[in-house]
Number of protein chains: 2
Amino acid sequence: MVEKAAAPLRADAERSVRAILEAAERVLAVDPGASMEQIAVAAGVARTTIHRRFANRQALIEALATSAARQLAQAVDDGRPDTAPPLVAMHRITANVLQVKGAWTFALSQGDDPDSEAAALQLDIARRCVAVLARAQADGLIDEKADLDWVRRVYYALIGESLHGGDDSDTDPDTLAARIIDTLLHGAGPRA
Amino acid sequence: MVEKAAAPLRADAERSVRAILEAAERVLAVDPGASMEQIAVAAGVARTTIHRRFANRQALIEALATSAARQLAQAVDDGRPDTAPPLVAMHRITANVLQVKGAWTFALSQGDDPDSEAAALQLDIARRCVAVLARAQADGLIDEKADLDWVRRVYYALIGESLHGGDDSDTDPDTLAARIIDTLLHGAGPRA
DNA sequence: CGAAGATGCAACAGCTCTGATGCAGTTACC
DNA sequence: GGTAACTGCATCAGAGCTGTTGCATCTTCG
């Protein structure tokens, strides 16, 4: 209801919505059970304002997930997954995704409702991800016998792990992306 | 207070505690914000009984995390990480850990309080994990230049991903463990 | 068997969160 | 500049969860 944008929001209202979504991400990432009040304070907004824009807590979270998924899809697109050479695409996409996922940890950790827009986006992203991997496979970068869906899952896991970032002094997306792809393709074993 | 076992619990009481912990895992895995009442029902116990054994919700969760961490440590020990050949140890440990982590998803996903017993156990487990990797490295299974802490994190991530189990028709721990170790050591790239 | 321990049940007070409403003041937009 | 939208604030009722207590009953264990 809220997202359908049947009636275009006024400029200040749109600003509020953005502030609320960003605050929700910040607050819920720390405490997933945080109250609407806490989110409101973090957003510099009255609690009632949140309720005016989002009927439920769930509606808010759904909007949050959708917003983040859209940005994630954009991050993938920006890497030119269909045209750039596979290795280049993978590197760029990884670096982009790392930034988005880092900024929307909570939003992207929500198990999306199967028939939500967020879920559809995630599915499409996975599809394009596998497509890139298939191109890499065609180029001989990935073993021809490899199960691409498993490779994709490993790829996701490596990204997730990189974000937890232990005592990584190195948080440069490009550096992290390089390590992810290197690990994905070669593992930890000895180099030839 | 509850865990110190200063006063050994009566047999029926201990049974209750186990039932509560197992129910808590089951219920909280589905809904981390579930109420004590829901847990009590799932445990076949009155809510007041839970409060008699665990002062807080937090105390319950802490006990849950500690219990699971102990089982995890046991799973590692059972793989003879210090004596068995590295590859054998890794495989056995992985298979064992998969089972424990699968059964205690929620408990082991809690970010443990830094000075809790659970945290100490997790730290010890990580230490022993790196030790096994170091032995594998000495055997030439892992590149000599590899950052073992990163390798350990990748290993953890692969285990976690394997548990999410997409449409894996194959849920046999040994099969999954084999894939994990293969991926960890060789990645997805073409084989020699 | 008997005492100590454990449990279920019912009831209670206290707290927090939710969602809604009315109103007065401000802000954006035509 | 005026209207419509937006917001903050105060307030409200309702709901749910928590943690505790008292008491009667059942179970364990010596």
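So that the names make sense, note that chain A is the first sequence line, chain B the second, and so on, each numbered from 1.
If you measure from atom NE2 of B:H51 to atom C1' of C:dT7, you get 15 Å, rounded to the nearest angstrom. For B:D31 and D:dG16, the CG to C1' distance is 14 Å, given to the nearest whole Å. B:I50 places its CD1 atom 11 Å from the P atom of C:dT7, with the value rounded to the nearest Å. Look at CD on A:E14: it is 13 Å from P on C:dA28, rounded to the nearest Å. In this structure, B:L9 atom CG and D:dC29 atom P are separated by 11 Å, rounded to whole Å. Between the CZ atom of B:R53 and the P atom of C:dG8 there is a distance of 10 Å, given to the nearest Å. One interatomic measurement links the two molecules: CZ of B:R47 to P of C:dA11, which rounds to 14 Å at whole-angstrom precision. Atom C1' of nucleotide D:dT20 and atom CZ of B:F54 are separated by 18 Å, given to the nearest angstrom.
Between A:D78 and A:I93 the shortest side-chain heavy-atom distance does not fall below 4.5 Å. Considering only heavy atoms from C-beta on, A:E25 comes within 4.5 Å of A:T105 through its side chain.
Positionally, the nearest nucleotide of DNA chain C for B:A46 lies more toward the 5' end than for the other of B:A46 and A:M36. Between B:D12 and B:T48, the residue anchored closer to the 5' end of DNA chain D is B:T48, taking for each the nucleotide with the nearest heavy atom.
Inter-axis angle, ends of the helix from C:dC1-D:dG30 to C:dC30-D:dG1, five pairs per end, rounded to 10 degrees: 50°.
Within 3.5 Å, no donor on the side chain of B:R52 pairs with an acceptor on the base of C:dG5, nor the reverse. The base of D:dT18 is not paired with the side chain of B:R57 by any donor and acceptor separated by under 3.5 Å. Between the side chain of B:R10 and the base of C:dA6 there is no donor-acceptor pair of N/O atoms closer than 3.5 Å.
At the phosphate of C:dG19, OP1 or OP2 sits under 4.0 Å from a side-chain N or O atom of A:N56. Distances shown here put every side-chain N or O of A:S16 at or beyond 4.0 Å from the OP1 or OP2 atom of D:dC6.
Evaluation of the salt bridge (Lys or Arg N to Asp or Glu O under 4.0 Å) rule for A:D77 yields A:R128 as partners, not counting sequence neighbours.
Not a single donor-acceptor pair under 3.5 Å links the side chain of A:D139 to the backbone N or O of A:L141. Side chain of A:R135 to main chain of A:A84: a donor-acceptor pair is present (N/O by atom type, distance under 3.5 Å, no hydrogens or angles).
A donor-acceptor pair shorter than 3.5 Å can be found between the side chains of A:D174 and A:H91. With 3.5 Å as the limit, one finds no donor-acceptor pair spanning the side chains of A:S109 and A:W104.
Within 4.0 Å (heavy atoms only), A:G44 reaches sugar-phosphate atoms of the nucleic acid but no base atom.
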